[in-house]
Amino acid sequence: MNTFVELLLNGLSMGSVYALIALGFVVIFRATEVVNFAHASLLLAGGYVTASLHDDIGFWAALLVGIAGAAVVGAAIEFLVMRRYRGSDHSVLAIVTIGVDILLTTELTRRLGTDVLSLGDPWGDSVLTIGSVSIAHTRIAAFVAAALLITVFLLAFRYTSWGVAMRAAAESPETAALMGVRLGRVSLGAWAVAGGLAAVAALFLTVFPTPGLERATSLAALKAFPAAILGGLDSTTGALVGGLVVGVTESLATGYQSELTFLGRGLGDLAPYLVMTVILLIRPAGLFGTKELARV
Amino acid sequence: EDDKGDKEGKGGVKTGVGVSADTITLGVLTDMTGVYATLGKSVTQAQQLYVKQTNADGGICGRKLKLTVRDHGYDPQKAVAGYTELEPDVLGFAQFIGSPFVAAVKQRVDSNKGLVLPQAWSANLLGSPYVRVVGSTYDLETINAIDYLMKEKGLKKGDNLGHVYFEGDYGENALKGSKYMAKKSGLTVVEQKIKATDNDMTAQVAALKKAGVKGVVISAGPRQAASLVGVAAAGKFDVPIIGNNSAFAPQLLGTQAGPALAKNYYVASPTLPIGADTPVAKKLVADYKAAYPKDALDNGVQAGWTAASVFGEALKKACKSKDLTREGLDKALLTINSYDTGFGVTQDFSDPKAPSSKESVILRPDKSVTGGMKVAREPEAAEAAQSYTTGG
Amino acid sequence: MSEVLARGRELRSRGRTRMTRPRTYVWIAGAVLLLALPFYLDRFWLQAGLFAMAAAIGAIGINLLTGATGQLSMGHAFFLAIGAYGYCVFAGEGGDDGLTGLGLPTWIAAALAVGVAGIAGGLFSPIAGRLRGAYLGIATLALIFIGQHVLFNAHDLTGGSNGRDVPPLSVFGITFDDSELVVAAVPFGASEKLWYAGLVLLLGCGLFARGVLRGRPGRAMNAIRDHRIAAGVIGVPVARYRAGVFVLSSMYAGLAGVLLALVFQRTVPDYFGMTLSLEYLAMIVIGGLGSVAGAVAGAAVVSLLPQLLTRYSDALPLVSAPGTGGITPGEASRYLYGAAVVAVVLFLPGGLASIAARRSRPTSGPTSGESGEER
Amino acid sequence: MGGSGLVVQDASVGYGPVRALRQVSLEVPDGAVVAVLGGNGAGKSTLLRAISRTLAFHRGALTTGSIHFGGRRIDGLHADRVVAAGVSQVPEGRRVFARMTVADNLRAGALGSAGSRSAKARALDRVHELFPVLAERAGQRAGLLSGGEQQMLAVARALMASPKLLLLDEPSLGLAPLMAARIADTIQEINTQGTSVLLVEQNAALALRLASRAYVLDVGEVALAGPADELSASDEVRRRYLGVVDETAAADASRGVSALPVLRRWAGRR
Amino acid sequence: MRFAGLTALDAVSFTVRPGTVHAVIGPNGAGKSTCFNVLSGVYRATAGSVRFGEHELTAMPPHRIAGLGVARIFQNLALPPRATVADSLMLGRHRLTRTGFLAAGLRLPSAAREERSHRERVREIAAFVGIEHQLQAPAGSLPYGQQKLAELARALCMEPRLLLLDEPVAGMTADERQRTAAVIAGVRDSLGISIVLVEHDMGVVMRLADAVTVLDFGRRIADGVPSAVQNDPAVVRAYLGEGATS
Ligand SMILES: Nc1ncnc2c1ncn2[C@@H]1O[C@H](COP(=O)(O)OP(=O)(O)OP(=O)(O)O)[C@@H](O)[C@H]1O
Ligand SMILES: Nc1ncnc2c1ncn2[C@@H]1O[C@H](COP(=O)(O)OP(=O)(O)OP(=O)(O)O)[C@@H](O)[C@H]1O
Ligand SMILES: [Mg+2]
Ligand SMILES: [Mg+2]
């Protein structure tokens with residue numbers, strides 16, 4: 001029983017990290033309708049900056065710089081590359097991000113070399129134990145951070161014109177421009193924000209229970225795909241819920257692996273995709289995504 | 001194939017593919033940009049070091065050694081392409097990372113007889129006289145590891161043993177070992193299969209806890225090991241944890257997981273650690289530090305070195321018998337039956353069906369020593385290992 | 001190769017009479033060259049070429065689906081896997097190390113494998129039919145993960161992580177293996193023989209796809225991509241067409257898989273991962289969405305570039321030997337590859353195919369960007 | 001450039017090879033309503049695109065000429081800057097943000113305006129009283145609105161920015177007579193409030209009634225220009241743009257048919 | 001016809017006599033296009049039925065309905081912007097052609113023959129509508145009015161028996177309207193197919209329509225011959241507005 005609770009909690013907390021990553025996808029998708037494969041390298045960038053600075057300037061400062069750094073990288077990607085492609089087909093843009101990702105990842109992994117860097121977070125490996133159920137402080141922090149950030153974005157999207165501008169720009173650049181939307185700014189902002197979010201996510205990806213930042217860290221970004229999709233690619237709430245669903249599914253699928261042997265072992269990262277597929281069958285635009293119109 | 005027609009080289013030495021009057025070219029198919037980058041980097045650097053030194057003291061058979069390196073980034077297409085490219089121009093391969101790829105070219109190896117020393121210790125690679133695994137295979141290693149847990153760490157008949165292993169050749173071969181050992185000594189294995197992308201072992205620990213295991217074997221990467229040990233420690237779940245050779249990297253000792261690892265983690269290794277106080281080891285450490293000051297001294301270094309020196313030894317023997325052709329090299333290798341690479345374990349290559357040794361050393365992490373490993377149990381092969389027929 | 005097809009395309013778009021003569025010469029020259037290559041190139045190059053041909057076949061397939069019908073698919077690698085492993089299962093001799101194999105004649109096995117891939121596509125198409133755009137794309141990613149899971153776990157079919165041997169193809173008494181038969185003093189190994197098989201297959205697939213795209217089905221596919229509802233109202237059975245295209249493109253993938261397997265001589269599960277799928281997307285984007293020539297050109301670039309970069313990595317600028325802290329050859333080639341992907345799309349909107357199109361229409365019209373696309 | 005308001009001086013526009021405008025000059029004095037008439041492909045929309053700097057989205061470009069607004073040169077600005085300068089446009093063919101709600105469409109309309117929150121609120125109220133349906137449907141996604149409702153939304157959206165100069169590309173397109181009349185009144189109203197209007201309209205009668213001045217474009221060139229009433233008198237305009245009123249359906253239809261190649265039934269039908 | 005909350009069509013019924021032009025008019029949002037969407041199978045009527053000759057259309061998918069010879073043009077253009085007009089028109093021939101994947105892929109002579117004969121017909125129709133010189137242009141680059149004509153041509157290419165026109169003359173100048181009106185009349189007379197016409201230009205409606213149905217809020221408020229309807233007070237109040245007649 002309390003194994004279940006433990007797995008559940010762990011799933012939720014891991015899920016909140018995924019939610020953070022997914023949020024990054026969502027922000028960019030909202031503003032540009034591009035599926036951003038370069039998010040993985042943004043993660044790495046943010047983490048790397050934080051990791052390499054925390055010794056000198058302390059963790060929190062380092063984290064801030066890391067966030068800023070990743071934001072700059074994101075913005076740079078938009079400014080130097082994506083901007084040139086405005087108006088092209090979305091799958092084309094997706095491919096471009098792949099190219100960018102290859103470049104960035106190669107560079108960052110080269111710098112990382114064979115190291116495993118710690119981000120010098122204050123939580124260490126301390127855990128909170130209630131009864132026989134224990135959960136790492138880092139994970140509680142992750143949960144809080146995700147909840148906070150996502151509410152912030154919900155509010156931002158609802159109560160500032162930013163969200164409207166984003167969606168307008170995404171749906172029809174020309175018409176948006178006619179409304180006085182500064183296309184450049186909107187997408188630049190989106191990429192910067194995504195970068196910042198990636199940095200935060202990187203933090204929680206690399207703290208305990210994972211040993212630290214190293215070249216394989218970025219692979220975790222993949223886990224956010226099903227999260228972002230099953231939540232609905234253009235919905236912030238979706239990102240949160242999606243993240244949690246993925247986290248929990250994964251955790252349970254792993255924890256009860258021995259009960260699920262008939263499906264073959266190591267279902268861990270397959271399960272989220274199965275759940276995603278089922279959800280998409282029922283709701284083609286994800287749980288919270290805006291449905292596609294059927295009117296002529 | 002065309003220059004296969006063996007010629008009388010200088011010094012009356014018969015030569016063939018990859019051997020010219022003054023150089024012996026060896027291929028290296030490594031991964032320095034993909035998932036095994038960490039391993040690949042160390043191994044390759046160590047082997048380049050070996051080559052540099054051998055050439056410094058005159059090379060082998062009056063010829064200089066030359067490594068042609070191809071970095072396939074663990075991309076099957078590049079790997080196979082790399083093999084196809086190098087095979088016609090090299091005598092053999094001192095390194096080949098990625099056992100699926102080795103398997104992919106195995107047929108061709110058998111037909112062109114070019115010796116391959118894979119940097120993988122899977123029993124599935126055995127059986128070909130031209131693909132030779134240096135040191136004990138994962139399954140044997142695992143058997144020895146469990147043997148250690150039982151002899152020293154109070155794991156006993158009837159207990160549950162957790163085994164966290166990678167999907168793929170490495171993990172599954174190790175699992176063979178633990179299954180065999182379990183059968184032998186009345187344990188029950190609780191399997192936890194993971195993937196290289198899983199970095200957080202919380203769920204696995206929870207599951208193992210639930211199953212009430214009394215010890216854990218981990219056949220995965222360093223990260224997974226670190227996470228596993230860390231989570232277990234944090235969750236007051238202190239059963240002994242032992243990993244295969246590839247499940248540790250000294251870099252980990254610098255991270256959060258460091259203390260926990262030092263406290264309750266063991267590693268089974270085919271040879272003494274790089275930090276061992278054998279002359280060879282000391283020299284290697286010194287030279288490597290000198291050559292690559294920035295890089296960590298992990299087990300990849302001595303794995304690479306060992307492989308290279310085995311290749312070198314074989315070449316020397318082949319040179320004695322005046323035959324540096326691929327066949328000659330192979331014959332030479334088969335005559336090597338007690339070669340000490342300088343890391344405490346003697347290698348025996350006389351039987352193509354078996355790995356060159358069945359022994360494992362048990363190590364435990366220790367920040368203070370070079371390479372972060374010190375010996376917990378001297379080289380030894382469990383009797384279960386003796387009776388175990390590899391690949392079976 | 002791509003050149004030839006590309007020009008072939010123009011042959012249509014420009015007036016025949018004036019253009020035909022030079023074009024046909026190019027055709028003949030290209031053909032002769034391609035036929036002659038095995039006598040001059042060594043195995044590495046032939047193998048690289050074969051990888052490219054297989055990729056091209058697969059790329060044509062996904063271009064029918066994603067480029068022409070607008071169904072984004074990241075699951076292409078899954079169908080390649082089905083082709084490759086399907087062939088092994090059908091053709092392989094059972095028994096050896098516990099692998100199932102039906103031991104059918106290899107050419108039948110190949111055909112069956114392609115068929116199975118098609119069926120798999122058909123089975124997935126109901127799901128595909130409900131989804132759109134990025135959602136479809138990432139839903140198809142699920143296929144990859146399922147595929148990987150099966151490849152690693154269904155040992156007796158797939159041989160698990162180390163894959164299984166690929167029985168050499170043999171048709172009309174020719175066996176495409178390394179048993180050397182010497183032609184004009186040139187030893188013909190697997191690659192040499194497969195080279196011709198590859199050429200034939202690729203040509204066939206290319207022409208077929210072009211026929212489809214130019215004809216009635218092509219128009220219907222484009223209509224579905226551009227305005228689904230309208231397409232229905234105009235009389236296109238949308239669901240059936242989407243399914244049809246999905247099946248067709250899966251069959252292309254399957255065939256590509258078979259060819260790849262034959263070249264590899266061993267199936268390696270790691271190969272059929274997400275990266276491969278993305279590479280196929282990259283191919284059609286780089287080459288030009290919706291055009292056959294584009295797919296072929298893109299495939300050539302994406303599959304050859306990394307191999308060449310690796311081969312000549314030592315010669316690349318500002319690389320230094322591993323350990324000296326500089327950029328290793330491997331890294332350098334990654335940089336170049338990434339840069340190439342970005343650059344090609346940047347400087348050739350509409351893909352490589354648009355070069356051909358441009359040349360044929362120097363006064364680039366308002367939509368010249370897309371003129372590479374067959375619409 | 002003494003004359004503030006909008007001044008277009010011999011502007012030429014090309015879409016790649018296609019020449020859409022040739023040396024077009026036109027002026028919209030402050031507070032005036034100016035109409036532009038012209039057949040299909042005359043270049044009306046192109047003209048508006050040139051002013052609002054959205055040609056680039058159609059792979060078109062202003063090749064010669066200059067455009068000033070309020071004495072300031074605006075060709076060369078980004079579209080969004082033009083909006084900021086006080087020019088907003090109702091694009092041809094509705095172009096509502098189909099996936100956004102009606103309410104959000106209206107908010108999007110207000111993005112460009114410098115106005116205060118309260119000003120925007122007032123604009124919104126006005127729009128709602130003009131087009132009650134938009135208030136009812138505030139929560140519905142714009143893509144689901146009927147054609148005419150979308151047209152209303154498009155106009156309303158432009159009004160939200162409370163611009164100095166309003167460019168209308170066929171505002172009455174697809175509107176019922178009643179609604180068209182209401183749009184006309186609206187145009188008059190906002191004009192009296194000081195917004196000048198450049199009106200492209202196929203419903204020439206309506207356009208000429210509203211406008212003080214009118215231009216007639218023909219294949220990219222200004223064919224006629226002058227005070228609205230003069231133009232509406234000219235029989236060229238009467239024939240081509242006002243349509244010949246006193247003709248019976250039958251006669252007209254038959255004339256058309258005889259004028260056209262008759263389409264025979266298709267033999268190939270099985 | 002009902003959408004979350006609002007009723008777009010409320011028990012509307014009318015009959016179109018073969019070979020006539022039947023106009024459906026009404027204020028914006030009255031339900032005219034919805035009515036078309038129901039007829040052409042895009043929406044499924046919540047209640048009631050649609051019959052076409054001996055066929056029951058109510059539950060049919062769009063392509064089947066199209067297969068029976070029901071063609072329509074859309075109120076908001078639905079032409080692929082990058083495709084050439086010719087290809088768009090050929091798409092109209094889809095229901096009349098047979099070439100499948102295999103035939104097209106293998107370039108069977110039958111396919112080629114079919115293609116040729118139908119391209120010929122497409123040219124005829126384009127000429128008839130008056131856009132033959134635009135055939136090779138990408139539809140997106142045509143001015144709005146001509147895109148409307150292209151849509152009309154595409155609908156004709158389906159050789160329909162029932163033609164649904166949603167605001168065919170929107171965005172045209174007066175003389176272009178007359179010309180288009182003439183084309184429509186020509187279609188009716190020379191092909192004798194029935195036409196349902198939705199249009200806000202009363203001039204055109206009066207010219208063409210043989211019968212008129214007036215919708216408001218999804219309900220039918222008038223029905224009859226044009227002249228009668230035009231002077232129906234309810235219609236004037238709801239739709240035309242005072243003095244706006246003709
Ligand atoms: N994107 C484009 N690419 C190429 N040519 C174009 C493009 N848009 C318009 N044109 C051409 O420019 C000319 C003017 O088009 P425009 O749309 O301005 O006419 P218009 O007066 O608005 O017609 P309508 O009254 O039908 O809207 C036409 O010949 C048209 O073919
Ligand atoms: N899919 C839908 N979902 C929700 N509401 C819809 C949908 N389709 C139509 N409506 C509503 O139904 C009503 C009728 O729409 P319809 O398009 O039939 O009007 P119409 O008569 O064509 O008006 P117009 O003359 O402006 O085109 C409108 O109020 C519209 O908002
Ligand atoms: Mg216009
Ligand atoms: Mg309508």
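In the text below, chain A, chain B and the rest are named by the order of the sequence lines, each starting its count at 1. Everything quoted here is computed from the prediction, not taken from an experiment.
With a threshold of 4.5 angstrom between heavy atoms, C:Leu141 approaches chain A through its backbone and through its side chain. In this structure, chain C has heavy atoms under 4.5 Å from both the backbone and the side chain of A:Glu107. With a threshold of 4.5 angstrom between heavy atoms, C:Met74 approaches chain A through side-chain atoms but not through N, CA, C or O. Of the two parts of C:Phe152, neither the backbone nor the side chain holds a non-hydrogen atom closer than 4.5 Å to a non-hydrogen atom of chain A. Residue contact with chain A, scored on non-hydrogen atoms closer than 4.5 Å, involves the backbone and the side chain of C:Arg130 alike. Of the atoms belonging to C:Ile146, heavy atoms from both backbone and side chain fall under 4.5 Å from chain A. Contact annotation for A:Leu104: neither backbone nor side-chain heavy atoms come within less than 4.5 Å of a heavy atom of chain C.
Across A:Arg84 and C:Leu346, no two heavy atoms sit closer than the pair CB-CD1, 3.2 Å.
Test A:Val100, A:Ile98, A:Leu93 against A:Phe37 for side chain to side chain contact (heavy atoms under 4.5 Å, CB included) and you get one pass: A:Ile98.
Between chain C and the options A:Ile229, A:Leu230, A:Thr97, A:Val96, heavy-atom pairs under 4.5 Å are most frequent for A:Ile229. Note on C:Ala154, C:Pro126, C:Ala282: by heavy-atom pairs under 4.5 Å with chain A, the leading option is C:Ala282. Options A:Gly286, A:Ala285, A:Gly289 differ in how many heavy-atom pairs under 4.5 Å they form with chain C, and the most are formed by A:Ala285. Contact count against chain C (heavy-atom pairs under 4.5 Å) is highest for A:Leu280 among A:Thr277, A:Thr109, A:Leu280, A:Leu222. Most heavy-atom pairs under 4.5 Å with chain A: of the set C:Leu278, C:Val233, C:Ile144, this distinction falls to C:Leu278. Among A:Val92, A:Ile95, A:Ile102, the residue making the largest number of heavy-atom pairs under 4.5 Å with chain C is A:Ile95. Of the listed residues (C:Leu131, C:Leu336, C:Ile284), the one with the most heavy-atom contacts under 4.5 Å to chain A is C:Leu131.
Using modelled atom types, one finds a donor on one side chain and an acceptor on the other under 3.5 Å when comparing A:Ser41 with A:Asp101.
C:Ile224 places none of its side-chain heavy atoms less than 4.5 Å from the side chain of C:Gln71.
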Given side-chain contact (heavy atoms from CB on, under 4.5 Å), test A:Leu44 with A:Leu213 step by step and report yes or no.
CA-CA 8 Å; A:Leu44 222 44; A:Leu213 178 81; 4.0 Å; yes

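Atoms CG and NE2, on C:Leu65 and C:His76 in that order, are 8.0 Å from each other to the nearest 0.5 Å. Taken from CG in C:Leu308 to OH in C:Tyr337, the straight-line distance is 12.5 Å, to the nearest 0.5 Å. Interatomic distance, C:Gln148 CD to C:Leu143 CG, rounded to the nearest 0.5 Å: 12.0 Å.
Centroid-to-centroid, the aromatic rings of A:Tyr273 and A:Phe225 stay 6.0 Å apart or farther.
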